[in-house]
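A quick write-up on the structure given underneath.
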Protein chains: 2
Amino acid sequence: MTTAKRDTYTPETLLSVAVQVFNERGYDGTSMEHLSRAAGISKSSIYHHVSGKEELLRRAVSRALDELFGILDEEPARVGRAVQRLEHVVRRMVEVLIGELPYVTLLLRVRGNTDTERWALERRRDFDHRVAELLKAAAADGDVRGDVEMRLATRLVFGMINSIVEWYRPDGRGMGQREVSEAVAHLVFSGLRAQQD
Amino acid sequence: MTTAKRDTYTPETLLSVAVQVFNERGYDGTSMEHLSRAAGISKSSIYHHVSGKEELLRRAVSRALDELFGILDEEPARVGRAVQRLEHVVRRMVEVLIGELPYVTLLLRVRGNTDTERWALERRRDFDHRVAELLKAAAADGDVRGDVEMRLATRLVFGMINSIVEWYRPDGRGMGQREVSEAVAHLVFSGLRAQQD
DNA sequence: AGAGTAACCGAACGATCGGTCGGGACAAGG
DNA sequence: CCTTGTCCCGACCGATCGTTCGGTTACTCT
């Protein structure tokens with residue numbers, strides 16, 4: 001059996017170690033020496049599993065981006081009133097952020113120094129635009145207040161959601177996904193909705 | 001006169017160049033070679049003005065932190081009803097973020113790899129706690145809703161405000177400080193207040 | 001004119017960077 | 001037995017890192 005082996009590394013298990021270190025020290029601040037120490041194998045052994053440092057980054061941000069774009073394909077995000085589709089996307093974004101915390105954290109911190117990072121930034125912008133259009137549609141329906149500029153509101157809401165990666169830690173008896181996504185939806189929509197709920 | 005000279009560098013003018021590059025490439029991703037190219041002087045000349053790379057970081061985050069803590073000393077932040085002191089702090093935070101944008105941006109991206117970075121993180125935590133206490137006091141007065149956990153709400157609001165550094169650009173005909181701080185206060189307090197405004 | 005100093009430079013330092021190389025240990029399959 | 005392939009290692013590579021050093025230019029003060 002191939003899935004039962006745990007005492008040796010696969011690209012995936014090595015990735016989970018690497019992403020953790022990347023988030024602690026920053027991608028540029030992490031050397032292959034740091035990674036090898038954290039993984040418990042030598043520096044050169046890492047190259048047996050992956051082609052190099054940048055592949056680890058690419059795998060990580062790809063995973064995060066795939067999960068985020070997956071939200072937009074879900075049925076509640078495609079059909080129904082815009083404001084309800086928006087609320088679904090907001091709640092699911094929080095869940096994905098928490099569920100894939102280290103990978104999304106890394107994605108949100110890329111700066112654009114390499115091709116991989118610039119590609120990640122571009123895909124992030126695409127995602128943001130998709131959600132911004134949803135908000136605009138909800139405003140056209142009259143379901144969200146019109147006295148705040150949509151471009152500005154989108155960015156502030158994204159900022160609130162994305163900031164979760166800066167403080168959420170899943171250590172045992174902390175708060176759950178549900179509690180956070182409820183609080184975010186409450187804060188966002190009680191401030192955005194035209195009518196009181 | 002000493003203030004009229006502009007053709008030569010001072011620690012302050014060099015800092016403004018350095019901070020800009022730090023924010024574009026990340027602190028760890030910026031080499032002294034990058035800085036020298038951006039400043040138009042040689043690498044070794046930088047050391048005539050400052051002791052090294054880390055001093056530039058320390059000067060930058062100190063400036064940001066001093067501005068932020070200065071808010072708490074302002075009269076409207078010290079006297080009056082807690083909810084109104086809180087609103088003053090929120091609006092002024094936005095103004096400081098925008099007014100000292102590159103310095104605050106750098107502060108918010110510190111990871112904790114060096115002593116300077118760990119010191120900055122510690123002072124940031126202090127500031128956050130001060131504001132969290134203000135929010136708790138406002139809740140005790142019954143001026144903000146009690147169905148959202150205060151610790152969670154504080155972090156989300158901080159996340160929204162701090163995210164401004166990720167997209168705000170002061171290029172000419174953009175939006176002004178006032179417009180942003182109004183939108184933030186609107187979003188935050190329409191979602192937090194117990195009664196409708 | 002001469003001394004002092006601020007601002008700058010090219011060259012080089014030891015250390016560390018991401019990555020390569022040849023080979024050893026070990027298990028599976030014949 | 002011997003081969004094959006996986007997983008790993010120490011040693012090393014050229015490049016780049018932050019920093020230092022010795023020296024040059026140009027301006028100020030006396």
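Note on naming: letters A, B, ... go to the chains in the order of the sequence lines (proteins, then strands), and numbering restarts at 1 for each one. What's counted below: heavy atoms across the whole structure, side chains too, no hydrogens, waters or symmetry copies.
Annotation for A:R151: atom CZ does not count as buried by contact number, only 12 or fewer foreign heavy atoms lying within 6.0 Å. Within 6.0 Å of CD in B:E24 there are more than 12 heavy atoms belonging to other residues, nucleotides or ligands.
In terms of modelled atom types and a separation under 3.5 Å, the side chain of B:Y27 and the main chain of A:G29 share no donor-acceptor contact. Of the possible donor and acceptor atoms, none in the side chain of B:Y9 sits under 3.5 Å from a partner among the backbone N and O of B:I46.
For the segment residues 17-30 of chain B, residues with any heavy atom less than 4.0 angstrom from an atom of DNA chain D are, sorted by number, B:T30. For the segment residues 46-60 of chain B, residues with any heavy atom less than 4.0 angstrom from an atom of DNA chain D are, sorted by number, B:Y47, B:G52, B:K53. For the segment residues 31-45 of chain A, residues with any heavy atom less than 4.0 angstrom from an atom of DNA chain C are, sorted by number, A:S31, A:M32, A:K43, A:S44. Of the residues in residues 105-120 of chain B, none lies under 4.0 Å from DNA chain C by heavy-atom distance.
Residue pairs meeting the ring pair (Phe, Tyr, Trp, His ring centres under 6.0 Å) criterion with at least one partner in residues 122-158 of chain A, sequence neighbours excluded, are A:F69-A:F127. Within the structure, every pair that satisfies the salt bridge (charged side-chain N to carboxylate O under 4.0 Å, His left out) test and touches residues 45-72 of chain A, not counting sequence neighbours, is listed here: A:E12-A:R59, A:E55-A:R59, A:R63-A:E100, A:D66-A:R123.
Between B:L106 and B:A60, the shortest heavy-atom contact is CD2-CB, 3.7 Å.
Ion pairing between A:E95 and A:R92 holds under the 4.0 Å rule for side-chain N and carboxylate O.
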